[in-house]
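Accompanying notes for the structure given below.
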Amino acid sequence: MQRRSFLTTSAIGATAGVIATPAFAQINPEVKWRLASSFPKSLDTIFGAAEAFTKRVAQLTGGRFQIRQFAAGDIVPGLQVMDAVQAGTVEMGHTPSYYYFGKDPTFAFDCAVPFGLTSRQQTAWFDQGGGRDLMRDFFKGYGIINFMAGNTGTQMGGWYRKEIKSLADVKGMKIRIAGFAGRVMERMGAVPQQIPAGDVYAALEKGTIDAAEWVGPYDDEKLGLAKVAPHYYTPGWWEAGPQLSFYINIKEWEKLPAQYKAAVETASYECHVTMQAAYDTRNPSALARLIKNGAKLHTFSRAIMDEAYKISTAVMEEEAARNAKFKKVYEPWKRFRQDQNMWASVSEQTMQNYLISIGRK
C-alpha cells in the first residue's frame, strides 16, 4: 500500500461512527468470514495480532463485516492454512508464507529466507520496493491475495543441548528446523526435523532431537526449552525479519464492497506495526528472565556463520537457475538487499553500534 493510500484508508478510523449509519448499512451488506490461524491461542503476540485485526475490521465497518478467528487445528492444522484459503474452506488465513516452502520456495520471500531482510527492510521491500507486486503476481496463481500481517523481528538461533563451538559440532546434530534453513543445515551436516511446537519440549527432553529453533525470548520462554536445552544461540540467520501474512481467497476479496476492502487494508497495516512493537517491548525482559533462570547465551562462531552464508547463497542461486518464478523475485530482491545493507552500514548500524558500546561501559 502506498503512503497516500494508507493515509486515505486510515481516515476510515476517524469516521467509524459515520460509517455505521443507515445509509452505509443500505449500501453495504453484512459479511461473515472465517479466518484460520497457523498458531495456538497461547501465542498472544501472533494470535493476538490477528484478533486485534478482526476487531478493527468490525469497528471500521460498523460491525457489518465480521471475521471470526480460529486457532490452529480448530478448522485445519496450522500448516494447511494456505490450502484452506485456496480451496475456499475459509475465506481468510493468518500464516507465515515459508510454511509452504515445499510447494514452491518462492513463498519464502513473503516471509524470510536465510540472511535475508530485517523486519524494517522487509516492510520497505514489500510496501515500497516492489515486493508487493512481485508476490501478489505469484500468489495469484494460487487464487490468493496477500497482505502484510506482522513481523517478529530477528529471531534467535535456537536451543541446544550442548555447545556448538565449531562446524564439527553441527555434523550429525538433529535439529527442529525446516524450509530453506533446513536445506542449508542439511548441507552443513545436520539432520533437520519438522516438529510441531507442542512436541518440541518432549523431543528435546528425550533426546530425540539435539536442538530446536522457535521464535525469540518471549515465545520461547513459554515452551520451557531452557530446562532441557540450556544453550541459547544468536542470531537466527535464517530469520532476520520473518513477516506474517494474511491470505484472502481472491474470489471472496473481489466480492467485498470498496469500503470493506479499505477496512482490511487499514487493519492489516495496523496489525503489522503493532506485532513488531509487541515483540520489541516484551523480548528484553523475557531474555533477562531466561538468563536469570539458567539459560546460557552464546553467539554462533564466525566460521559457522560464514559457512551458513556460503551455503545459503549457493542454495538460492541453484533454485533461481531451475525455478523461473523464484528467479523473478530473487533477482530484484537481491539488489534491494544490497542497497539496504549499504544504507544501514552508514546510518542506523553506526548509531546502534555506538549506543550498544556506551551501554556496555
Side-chain angles (χ1 to χ4, degrees), residues 78-79 96-118 152 154-197 199-216 219-220 223 225-226 228-243 296-323 326 330 337:
L79 298 180
S97 293
Y98 62 8
Y99 276 5
Y100 314 104
F101 175 89
K103 296 178 182 292
D104 190 320
T106 309
F107 276 106
F109 286 110
D110 193 53
C111 183
V113 299
F115 297 96
L117 305 174
T118 65
T152 68
T154 301
Q155 294 192 3
M156 294 293 285
W159 298 90
Y160 298 75
R161 288 163 59 89
K162 66 177 184 178
E163 286 190 64
I164 306 300
K165 297 179 179 179
S166 68
L167 288 167
D169 294 325
V170 176
K171 298 188 184 303
M173 177 183 68
K174 293 172 289 185
I175 179 171
R176 184 264 181 202
I177 199 167
F180 256 129
R183 188 179 290 182
V184 174
M185 281 286 196
E186 189 171 32
R187 291 199 186 183
M188 292 174 70
V191 183
Q193 309 279 319
Q194 177 73 307
I195 300 174
D199 299 331
V200 173
Y201 182 94
L204 278 170
E205 185 178 37
K206 295 176 182 178
T208 305
I209 57 175
D210 306 303
E213 60 83 29
W214 182 232
V215 179
D219 285 344
D220 290 4
L223 297 183
L225 302 182
V228 289
H231 300 284
Y232 200 22
Y233 274 83
T234 186
W237 46 263
W238 47 89
E239 291 174 304
Q243 177 176 293
K296 300 174 182 178
L297 188 61
H298 306 278
T299 300
F300 285 125
S301 70
R302 181 60 185 253
I304 289 175
M305 293 291 288
D306 286 348
E307 183 70 4
Y309 179 79
K310 182 179 72 173
I311 294 175
S312 296
T313 301
V315 167
M316 287 194 282
E317 292 290 340
E318 290 166 11
E319 187 65 37
R322 63 174 172 254
N323 184 339
F326 185 92
Y330 177 58
R337 180 183 63 173

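Only this structure's heavy atoms are used, side chains among them; waters, hydrogens and symmetry mates stay out.
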Looking only at non-hydrogen atoms, find the nearest pair between [X] and [Y] and report the distance.
| X | Y | value |
| --- | --- | --- |
| P192 | G182 | CG-O, 3.5 Å |
| G116 | A240 | O-CB, 3.7 Å |
| M173 | A211 | SD-CB, 4.2 Å |
| S97 | D110 | OG-OD2, 2.6 Å |
| P114 | V184 | CG-CG2, 4.4 Å |
| G172 | V191 | O-CG2, 4.2 Å |

Got a salt bridge between [X] and [Y], using NZ or NE/NH1/NH2 to carboxylate O under 4.0 Å?
| X | Y | result |
| --- | --- | --- |
| D169 | K165 | no |
| K171 | E307 | no |
| E318 | R183 | no |

Roughly how far, to the nearest 0.5 Å, is [atom2] of [Y] from [atom1] of [X]?
| X | Y | atom1 | atom2 | answer |
| --- | --- | --- | --- | --- |
| I177 | E239 | CD1 | CD | 7.5 Å |
| T154 | W238 | OG1 | CH2 | 12.0 Å |
| E213 | W237 | CD | CH2 | 9.5 Å |
| I164 | S301 | CD1 | OG | 10.0 Å |
| I311 | E186 | CD1 | CD | 10.5 Å |
| D199 | Q194 | CG | CD | 11.0 Å |

Heavy-atom distance under 4.5 Å between the side chains of [X] and [Y], does that happen here?
| X | Y | answer |
| --- | --- | --- |
| M305 | P235 | yes |
| I175 | Q193 | no |
| Y201 | L223 | no |
| R187 | V315 | yes |
| K296 | Y232 | no |

| query | Is the backbone of K174 close enough, under 3.5 Å, to the side chain of D210 for a donor and an acceptor to pair up by distance? | reply | yes
| field | Backbone of A320 reached by a side-chain donor or acceptor of N323 within 3.5 Å | value |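 Looks like no, no N/O pair under 3.5 Å.
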| query | With no hydrogens and no angle check, do the side chains of W159 and D220 hold a donor and an acceptor under 3.5 Å apart? | reply |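 Yes.
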| said: Tell me every residue that passes side-chain contact (heavy atoms from CB on, under 4.5 Å) with A212, counting only those two or more places apart in sequence or in another chain. | reply: R176, V200, L204, I209
| Which residues pass the ring pair (Phe, Tyr, Trp, His ring centres under 6.0 Å) test with Y233, sequence neighbours left out? |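 If we apply the ring pair (Phe, Tyr, Trp, His ring centres under 6.0 Å) test to Y233, skipping adjacent residues, the hits are Y160, H298, F300.
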| request: Please identify each residue that fulfils ring pair (Phe, Tyr, Trp, His ring centres under 6.0 Å) with Y330, with sequence neighbours left out. | output: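 F326.
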| Ring center gap for F180 and F101 short of 6.0 angstrom |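 That pair passes the under 6.0 Å test.
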| request: Assess whether atom CZ of R322 is packed by more than 12 heavy atoms of other residues, nucleotides or ligands within 6.0 Å. | output: yes
